[in-house]
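Quick note on labels: first sequence line is chain A, next is B, and so on, each numbered from 1. Worth saying up front: this structure is predicted, and the values here are computed from it rather than measured.
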Amino acid sequence: MGKRPRIQQFAPYEIWGREIEADAIRQMDNACTLPISIQGALMPDAHMGYGLPIGGVLAVKDAVIPYAVGVDIACRVKMSVLDLAFDRFEALQEPFRAALEQGTRFGMGESFKRPHNHRVMDEDWTFCPTVKGLKDKAWQQLGTSGSGNHFAEFGLLTLSAAEMGLEPGNYLALLTHSGSRGAGAAIAKHYSTLARRLHPELPKHLSDLAWLDLDRSEGLEYWKAMELMGRYSSANHDIIHQSVLSHLGAVSVLTLENHHNFAWKMQCGDEEVIVHRKGATPADRGVLGVIPGSMATPGFVVRGLGNTRALNSAAHGAGRKMSRNAAIKQFSRKDLNRFLEKKGVTLVSAGLDEVPMAYKDILDIMAQQKDLVETIARFDPKLVKMAEPDGKGRRKQKR
DNA sequence: ATGTCC
């Protein structure tokens, strides 16, 4: 790679939104000093992460940065609009709760002893030892939702105008947030360690931004693994939606989905670049995406405006405004229940670290990215399941 | 985000 500039250059980047924590800006500054960096962008929901901040977008030349994709490779959201009237859901929520309980599993390490079948498991998982060794785990985790900010929920989708082939009105929708689970995490760990080892010259503040060259076998192997995790994560959501809907005998009339932790090849002027979006929604012109809020605040279906200054990206959610530990310290179950009641949301399970009050105001975030996406529908969560506070997903006690 | 490797 002799063509790379030897002198440290600073790639330009713009910030969307106000009140972004200084640590996230410092991380983005750092990322833009890498010799491979071409352009960056910081989304309004940004906060600190490993290497690149969550809500960070980075275009680089001929390389991929594992920690700029993220630990949960291909973390993704999917919405199914159902053929059931919202009124029916409101009248009797119990079958829907049962469908969430039985259709997926939450918690770190959760899996199925009798794995689901999906054609993604027929793909080549043998192209490298790391991926090969993860195939069985991946198979057993198909259809699981994990932990952290992941969820499965029913809610009210409101269209104020005809869109996506749907008439204006109220719809019942299923929204899920999951990713590539243990397999993706292990791949992320393996290749970020490898990248760091291949770049001993990087100073400490840049070591988590170590990259893999895409003209070398390590980079090509990571890229292949990342893309497989992309299809695996999509399959994971497929299974979750299939399972949940089959418990209800419901059919989807429309599905929407997008990654928000991934890297893409993108034409940038007359050169091809690698665009990493780590907690950022693809927002190419005309492309639909889903930006969830929190368990009790709205999410939005959006259409990208293709703003190249933001590398065709947008926020991926409300963004945390405090750490998990701070949220647990500051808020009680009573505080949470009061908030849920006010918003008319039934919570099946979740930890206090996910309280809506720990997130920025999603309406504010949307207002700050009007030049990145247009809003075409609103989704209000009504029945929400997340991982139990102890990290598991199943109820241990009779409720 | 993930189990069980600093």
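Electrostatic pairing of K385(A) and E101(A) counts as a salt bridge here, judged by a charged N lying under 4.0 Å from a carboxylate O.
Atom CG in L134(A) sits roughly 14 Å away from atom P in dT2(B) (whole-Å rounding). Remark: P of dG3(B) and CD1 of I187(A) are 12 Å apart, rounded to the nearest angstrom. In this entry the distance linking CD of E388(A) with P of dT2(B) reads 15 Å, nearest Å. Rounded to whole Å, atom C1' of dT2(B) lies 14 Å from atom CG of N236(A). Y191(A) places its OH atom 20 Å from the P atom of dT2(B), with the value rounded to the nearest Å. Rounded to a whole Å, the CG atom of D72(A) is 14 Å from the C1' atom of dG3(B). Rounded to an integer number of Å, the gap from CG of D353(A) to P of dT2(B) is 12 Å. The NZ atom of K189(A) sits 14 Å away from the P atom of dT2(B) (whole-angstrom rounding).
Nucleic acid contact class of K137(A) (heavy atoms, under 4.0 Å, all strands): sugar-phosphate only. Residue Y67(A) is classed as having no contact, given no heavy-atom separation below 4.0 Å to the nucleic acid.
Of the residues E221(A), M229(A), M226(A), the one that meets the side chain to side chain contact (heavy atoms under 4.5 Å, CB included) test with I187(A) is M229(A).
Judged by the 6.0 Å distance and 45° axis criteria, K382(A) is not positioned over the aromatic ring of F154(A).
For the residue pair H177(A) / H316(A), no side-chain donor-acceptor distance below 3.5 Å is found, with atom types taken as modelled.
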